[in-house]
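Presented below is the structure to which this report refers.
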Amino acid sequence: MAWAILFTAGLLEIGWAIGLKYTEGFSRLVPSVLTLAAMAGSIILLGLALKTLPIGTAYAVWTGIGAVGTAALGIILLGEPATAMRLASIGLIVSGIVGLKLVG
(Lines give C-alpha, C1' and ligand atoms only; values in the text may rest on other atoms or scores of the structure.)
Protein backbone atom coordinates (compact mmCIF):
# COMPACT_ATOMS: atom_id res chain seq x y z
CA MET A 1 0.00 0.00 0.00
CA ALA A 2 2.88 2.38 0.79
CA TRP A 3 4.14 2.07 -2.80
CA ALA A 4 0.72 3.06 -4.17
CA ILE A 5 0.64 6.05 -1.84
CA LEU A 6 4.15 7.01 -2.91
CA PHE A 7 3.21 6.69 -6.59
CA THR A 8 0.20 8.96 -6.04
CA ALA A 9 2.44 11.44 -4.23
CA GLY A 10 4.75 11.38 -7.26
CA LEU A 11 1.83 12.07 -9.60
CA LEU A 12 0.84 15.04 -7.47
CA GLU A 13 4.43 16.26 -7.65
CA ILE A 14 4.16 16.22 -11.43
CA GLY A 15 0.91 18.14 -11.13
CA TRP A 16 2.37 20.90 -9.02
CA ALA A 17 5.57 21.17 -11.04
CA ILE A 18 3.63 21.61 -14.27
CA GLY A 19 1.07 23.74 -12.46
CA LEU A 20 3.77 26.25 -11.54
CA LYS A 21 4.08 27.13 -15.22
CA TYR A 22 0.36 27.88 -15.45
CA THR A 23 0.22 30.04 -12.30
CA GLU A 24 2.23 32.75 -14.07
CA GLY A 25 4.09 33.60 -10.87
CA PHE A 26 1.04 32.82 -8.71
CA SER A 27 -0.86 35.66 -10.38
CA ARG A 28 -3.68 33.39 -11.64
CA LEU A 29 -6.05 32.23 -8.90
CA VAL A 30 -7.34 28.85 -10.07
CA PRO A 31 -4.01 27.42 -11.26
CA SER A 32 -2.37 28.76 -8.10
CA VAL A 33 -4.92 27.11 -5.79
CA LEU A 34 -4.67 23.80 -7.68
CA THR A 35 -0.89 23.93 -7.63
CA LEU A 36 -0.76 24.62 -3.90
CA ALA A 37 -3.26 21.81 -3.25
CA ALA A 38 -1.14 19.40 -5.29
CA MET A 39 1.96 20.50 -3.34
CA ALA A 40 0.28 19.87 -0.01
CA GLY A 41 -1.20 16.55 -1.12
CA SER A 42 2.12 15.36 -2.47
CA ILE A 43 3.98 16.12 0.76
CA ILE A 44 1.24 14.61 2.93
CA LEU A 45 1.20 11.39 0.91
CA LEU A 46 5.00 11.22 0.92
CA GLY A 47 4.87 11.51 4.70
CA LEU A 48 2.35 8.67 4.90
CA ALA A 49 4.48 6.45 2.66
CA LEU A 50 7.49 7.13 4.88
CA LYS A 51 5.78 5.36 7.76
CA THR A 52 6.90 2.07 6.20
CA LEU A 53 9.35 2.85 3.37
CA PRO A 54 13.00 3.84 3.87
CA ILE A 55 13.52 7.59 3.46
CA GLY A 56 16.35 7.28 0.92
CA THR A 57 14.37 4.99 -1.34
CA ALA A 58 11.04 6.77 -0.99
CA TYR A 59 12.44 10.25 -1.53
CA ALA A 60 14.46 9.19 -4.56
CA VAL A 61 11.47 7.42 -6.11
CA TRP A 62 9.20 10.40 -5.35
CA THR A 63 11.55 12.89 -6.95
CA GLY A 64 12.25 10.50 -9.83
CA ILE A 65 8.56 10.14 -10.64
CA GLY A 66 8.23 13.91 -10.50
CA ALA A 67 11.29 14.49 -12.70
CA VAL A 68 10.31 11.95 -15.35
CA GLY A 69 6.68 13.03 -15.45
CA THR A 70 7.52 16.71 -15.53
CA ALA A 71 10.09 16.25 -18.27
CA ALA A 72 7.65 14.17 -20.33
CA LEU A 73 4.83 16.68 -19.92
CA GLY A 74 7.23 19.49 -20.71
CA ILE A 75 7.85 17.79 -24.04
CA ILE A 76 4.19 16.96 -24.67
CA LEU A 77 2.44 20.09 -23.35
CA LEU A 78 5.03 22.82 -23.51
CA GLY A 79 6.90 21.94 -26.68
CA GLU A 80 10.24 21.35 -25.02
CA PRO A 81 12.74 19.52 -27.22
CA ALA A 82 12.70 15.70 -27.21
CA THR A 83 16.36 15.20 -28.03
CA ALA A 84 18.00 11.81 -27.90
CA MET A 85 20.08 12.84 -24.87
CA ARG A 86 17.01 14.14 -23.02
CA LEU A 87 15.09 10.92 -23.67
CA ALA A 88 18.12 8.78 -22.72
CA SER A 89 18.47 10.74 -19.49
CA ILE A 90 14.79 10.22 -18.69
CA GLY A 91 15.35 6.52 -19.34
CA LEU A 92 18.21 6.48 -16.85
CA ILE A 93 16.00 8.06 -14.20
CA VAL A 94 13.32 5.43 -14.88
CA SER A 95 15.97 2.71 -14.54
CA GLY A 96 16.98 4.16 -11.18
CA ILE A 97 13.38 4.25 -9.97
CA VAL A 98 12.84 0.63 -10.99
CA GLY A 99 16.10 -0.38 -9.34
CA LEU A 100 15.16 1.32 -6.08
CA LYS A 101 11.73 -0.27 -6.14
CA LEU A 102 13.26 -3.73 -6.65
CA VAL A 103 15.66 -3.38 -3.72
CA GLY A 104 13.36 -1.32 -1.46
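Just so it is clear, the values below take in all heavy atoms, side chains as well, and ignore hydrogens, waters and symmetry mates.
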| request: Determine which pairs satisfy salt bridge (Lys or Arg N to Asp or Glu O under 4.0 Å) with at least one residue from residues 51-69, sequence neighbours left out, and list them in order. | output: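 Every pair satisfying salt bridge (Lys or Arg N to Asp or Glu O under 4.0 Å) with a residue in residues 51-69: there are none.
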
| Listed once per pair and sorted, the salt bridge (Lys or Arg N to Asp or Glu O under 4.0 Å) pairs that draw on residues 13-22, sequence neighbours left out | none

Listed partners of [X] passing side-chain contact (heavy atoms from CB on, under 4.5 Å), at least two apart:
X: Ala37; answer: none
X: Leu50; answer: Leu46, Ile55, Ala58
X: Thr23; answer: Phe26, Pro31, Ser32, Thr35

| Which ILVMFWY residues can you reach from Leu29 by hopping between side chains whose heavy atoms are under 4.5 Å apart? | Val33

| query | Going by side-chain heavy atoms closer than 4.5 Å, which hydrophobic residues are tied to Leu34, directly or by a chain of links? | reply | Val30

| request: Can you tell me which residue pairs pass the side chain to side chain donor-acceptor pair (under 3.5 Å) test with a partner in residues 37-46, sequence neighbours excluded? | output: Ser42-Trp62

Taking [Y] as the starting point, is it possible to reach [X] by hopping between hydrophobic residues whose side chains are less than 4.5 Å apart?
X: Ile43; Y: Phe7; answer: yes
X: Ile97; Y: Leu11; answer: yes
X: Tyr59; Y: Ile14; answer: yes
X: Ile93; Y: Leu6; answer: yes
X: Met1; Y: Leu12; answer: yes

| task | May I have all residue pairs that pass ring-ring contact (aromatic ring centres under 6.0 Å, His included) and include part of residues 73-99, sequence neighbours excluded? | result | none

| request: With sequence neighbours excluded, give me every ring-ring contact (aromatic ring centres under 6.0 Å, His included) pair touching residues 69-89. | output: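 Sorted pair list comes back empty.
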
Could you tabulate the donor-acceptor pairs under 3.5 Å formed by side-chain atoms of residues 68-91, not counting sequence neighbours?
{"unit_1": "Thr70", "atom_1": "OG1", "unit_2": "Gly66", "atom_2": "O", "d": "2.6"}
{"unit_1": "Glu80", "atom_1": "OE1", "unit_2": "Arg86", "atom_2": "NH1", "d": "3.1"}
{"unit_1": "Thr83", "atom_1": "OG1", "unit_2": "Arg86", "atom_2": "N", "d": "3.2"}
{"unit_1": "Arg86", "atom_1": "NE", "unit_2": "Pro81", "atom_2": "O", "d": "3.2"}
{"unit_1": "Ser89", "atom_1": "OG", "unit_2": "Met85", "atom_2": "O", "d": "2.8"}

| Those residues that, when tested against Arg28, pass side-chain hydrogen bond (donor to acceptor under 3.5 Å, both in side chains) (two or more places apart) |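 With neighbours one apart ignored, the set is empty.
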
| task | Find out whether Trp3 and Val61 are in side-chain contact, i.e. whether some heavy atom of one side chain is under 4.5 Å from a heavy atom of the other. | result | yes

